[in-house]
Each structure stands twice: as C-alpha cells, then as structure tokens.
Protein chains: 2
Amino acid sequence: MLNTMSTSAHPRPGSRTRGRPRDPELRERILDAAATLAMTAGIELGFERIAQEAGASRTTLYRWWDSPQELLLDAMLERTRWSLDHDSEGTAAARLRAQVIDAVEILSAPDTGRPLRALAAGALTNEKVRASFIEHWLEPRRAVAARILEDGMITGEFRQDLDVEAVIDALFSPIYHRLLLTRMPLGRSFGETLWNLVEPGLSPS
Amino acid sequence: MLNTMSTSAHPRPGSRTRGRPRDPELRERILDAAATLAMTAGIELGFERIAQEAGASRTTLYRWWDSPQELLLDAMLERTRWSLDHDSEGTAAARLRAQVIDAVEILSAPDTGRPLRALAAGALTNEKVRASFIEHWLEPRRAVAARILEDGMITGEFRQDLDVEAVIDALFSPIYHRLLLTRMPLGRSFGETLWNLVEPGLSPS
DNA sequence: CATTATCTGTACGCTCTGTTCACTATTTAT
DNA sequence: ATAAATAGTGAACAGAGCGTACAGATAATG
C-alpha cells in the first residue's frame, strides 16, 4: 500500500482527469529545494525560501502543501524509501540489532539528520506536522521493529511478556534524543552500545 | 554554585548597585505569564503575548531575555527546583529506579509537560535555547543519574564497563520521546516497564 | 472550441519581530 | 539637594513571512 504521491497533497483519485496535468519536474525541484535548504541552512524553512530556491511560484506551494514541514516530509520520505528494507534472515536479535545500527547511521548522515531536525521542530510546533511525521516516518519504522520483536517472542528467542512499544522506545528514542537535543556522538558504536545495553532485558530469564 | 537569578539575564555581580532596582514582582508576573501561556495555549509563545498577559511592556522583556523560550526556561527552572532533590539512601538500583519514575511523573503533569514541549520546540529552532536547555535542564538531571550510576559501579552493584551516558539515554530519552513526539501513555507504569527493561543490562554478568 | 486544472505574478492585510526614542520612576553616590 | 545610574513604559517604525485573492497564461481532455 505504498503511497507514491505526497502525504498532504490532494489525492488524485482517477488516473486521468481533465485539465492541465501536474508538472512532476517542478514537484521534484520543489522537494529538492526543501531538502537542500533543510540540510544547509538552519531550521528557517518557509514557503518563501523554498519557492525562491526552486524557482517556483509561492502560490504553487500553497496549493499542494499546508506547511513547509509537510513538504519537507514528502521530500524525506521519497529519499529514504530504501531505509525500510531489511533482511528477514538470521535471528530476531541479529535483525533487530541491525535495524538499530542502520538507524544510527541514517540519522547521523547530515543529509538525513539535518532535515530530520527541521522536521521534528515542525512536529513540535504544528499538530498536523506531528501527526504526519508519526504516521509516515516513525510508525513504519516502529512497525518493522515490532514485527521482529513479535517474531522473536513467538519463537521463544525473546521473553513473551515484553512490552513491544517500550522496547522500541528504549532502542530507538536515544538515537533521536542525541540527534535532536544533546547532539552527543551518534555513530555506529553508539548503536552497538545501545543494543548491548538493552539486549539482556529481552532474553528469557 | 546555584544561579538564583535567571539564565539569560544579565548577571548582577555586586549585591548593591546604583540605579533603580529591578522589580521582582514584575519578573514573577512575566514568568507566570509565560508558564501559563505555555501550558494553556499551544506553542505560540512570543514576547508580544507574554507581555500582554503579564501586563508589562514588551520593551522590558527584550531587556532581560533574548527569546521567549529562554524566558520560559527561567520560569520552569524556578518552578521545578524540588525535582532535583533525591534520596541518597538505598541501593543504587533503587535510587535510579526512583529517578526514572519521578521523571515520568514530572513530565506527565500538564503544568510541566506542556511548557517543556514549548521549550523543546524552541531548542530545536534556536541554538541558544538549545544550549541553555541542555545546560540548565538536561545536564543537572543527567548529573544526578550519572552520580548514582558511578556509585553503583564502584560498589560493584553495576557492571564496571557501563557507558554511563548511554545508560542515561536509554532510561530517560524514551520519556522525552513520548512527551514530545509520540505522546504515547506516559505514566508511572511506563517508568516501571522502562526500568525493568534496562535494569538487566546494568547488573554484572 | 469549450472545459478543466496547473502554474505564475502581483498585491494586500495581518501578526510578530527587533530596535529606537523620549519619558517617568527609583535607587545610590557625592 | 543634586547628579548619575538603572528600570520600566509607551509609541513608533521598518522588515519578514504568512495566508489569501485575483487575473492571466499554459496545457491537457471532450
């Protein structure tokens, strides 16, 4: 059920409609502009700047997105689809560990981490952005981890009374915390440390 | 070295100086206004609104604070001094567990949690706010936990190769994550679950 | 050609920001 | 007393961004 179009834009029900079709090139330029601005400049994301950077009319942006952050979310989602792929081979522990380390590496890369900060800032400021961010960014990633955890619980690799949501929080929220707030070192070794710390709590007594 | 005055306001070196002394009542009204607005209204904190709510001149706010969020931070720091008190009795594990549960309860209370959201939003948007937030809010609380962890490592209650910062991240960042982003249930029982999950990773093998 | 929808460009009112200025108020130093 | 210094008020101003509206050009379908 991949939503290949945007999250906030008006959906296009039929495949072909009357009027002038949307210019996909323009859309790309706009998403690129947002991603670029969010990576280089700071958090000061606005329709004004994005439109200028993309060489598009501000009116067009208002037409398709409700806020610059929802626009940026679309950009990020398209640019990180690959990050949802994951092996289904190996033990549940190995797969979960790999996901933690993937997450650290994705978020520590500047071209993902910096825009994600802007996105999170929007999520804290704007309810709609928060909802979209959770639904389209956080939830799909949590679902992957949840799936692995449930697998492990069924096979007996993990204890059966785990609070899946809490485990996911313990494993992944430290990464966001470092990215967004403390900016403490965020590298592969932190992912490993984190995993080693939480893993003992997953095994059956 | 408690800074009894504000974080961002110009420090007062000598106890007595020349000119008209600052009106402490006015300062309180301003801090109250910020705390109230941050709790009731949304994140839309601004000098304009705060000044109006406090019945003060906007110029006065600009005089003492660089941003509405630094003002709010001052308000929050004064209103939560008590939360840094902690027992020094009992095992390190018991004390750390108590701090986790305290944290959940403080942050789940609307009159602390909501302003903290506004504060965090500011921290993501403004570098100065972020630095102040870390220095005056996060760090002192992390220091308490770090102290307990080091105690436990010395007495052998915890393993000696713990990464203190990572442990603190695992224990506390899920709380902020729920408060700020997912808004999943944040109650005492979540604190207990979290503790039970991470605690096995602390004990010597 | 008529219709429908996209995109552009301009313009306007709005709110908040950050700063300046003149003025009043209250304290200490001489 | 009077001067100097600092706090607070209130008004004004330019500037940025927002959100919206409108007129017109462009490009597809029926």
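In what follows, every chain begins at residue 1, and chains take the letters A, B, ... in the order their sequences are listed.
Backbone-only engagement by A:E48 is indicated by non-hydrogen atom pairs under 4.0 Å involving sugar-phosphate atoms exclusively. Contacts of A:R58 with the nucleic acid, taken as non-hydrogen atoms under 4.0 Å apart, include base atoms.
A 4.5 Å side-chain heavy-atom check between A:E165 and B:R178 finds at least one atom pair inside the cut-off.
Regarding A:F47, its CZ atom lies at a distance of 14 Å from the P atom of C:dT8, rounded to whole Å. In this structure, CZ of B:R49 is placed 13 Å from C1' of C:dT17, rounded to the nearest angstrom. Between A:L45 atom CG and D:dA16 atom P there is a gap of 18 Å when expressed in whole angstrom units. Going from atom CZ of A:R22 over to atom C1' of D:dT26 covers 16 Å, rounded to whole Å. Computed from coordinates, the A:Q52 CD to D:dA16 C1' distance equals 12 Å when rounded to whole Å. As rounded to whole Å, 11 Å separates atom P of D:dC18 from atom CD of A:E44. Going from atom CD of B:E70 over to atom P of C:dG18 covers 11 Å, rounded to whole Å. Rounded to whole Å, atom C1' of D:dG17 lies 13 Å from atom CD1 of A:I50.
A:R18 contributes a side-chain N or O that forms a donor-acceptor pair with the base of D:dT29 under 3.5 Å. Looking at B:S57, its side chain has no donor and acceptor atom pair within 3.5 Å of the base of D:dG8. Counting distance only, with no hydrogens placed and no angle test, the side-chain atoms of A:R20 and the base atoms of D:dA28 include no donor-acceptor pair under 3.5 Å.
Taking the nucleotide of DNA chain D with the nearest heavy atom to each of B:G19 and B:R29, the more 5' of the two is matched to B:G19.
For the residue pair A:S83 and A:R141, a side-chain donor N or O sits within less than 3.5 Å of a side-chain acceptor on the partner.
Side-chain nitrogen and oxygen atoms of B:T59 include none within less than 4.0 Å of the OP1 or OP2 phosphate oxygen of D:dT9. OP1 and OP2 of D:dA7 both lie 4.0 Å or more from every side-chain N or O belonging to B:W64.
Here the OG-CZ distance, from A:S88 to A:R147, works out to 9.0 Å after rounding to the nearest 0.5 Å.
Between A:D87 and A:R95 no salt bridge is recorded (no basic side-chain N to carboxylate O distance below 4.0 Å).
For the side chain to side chain donor-acceptor pair (under 3.5 Å) criterion with A:R79, the lone passing option out of A:D111, A:D32, A:D74, A:T112 is A:D32.
For B:L26, counting side-chain heavy atoms from C-beta on, the closest listed nucleotide (C:dT17, C:dC7, D:dT9) is D:dT9.
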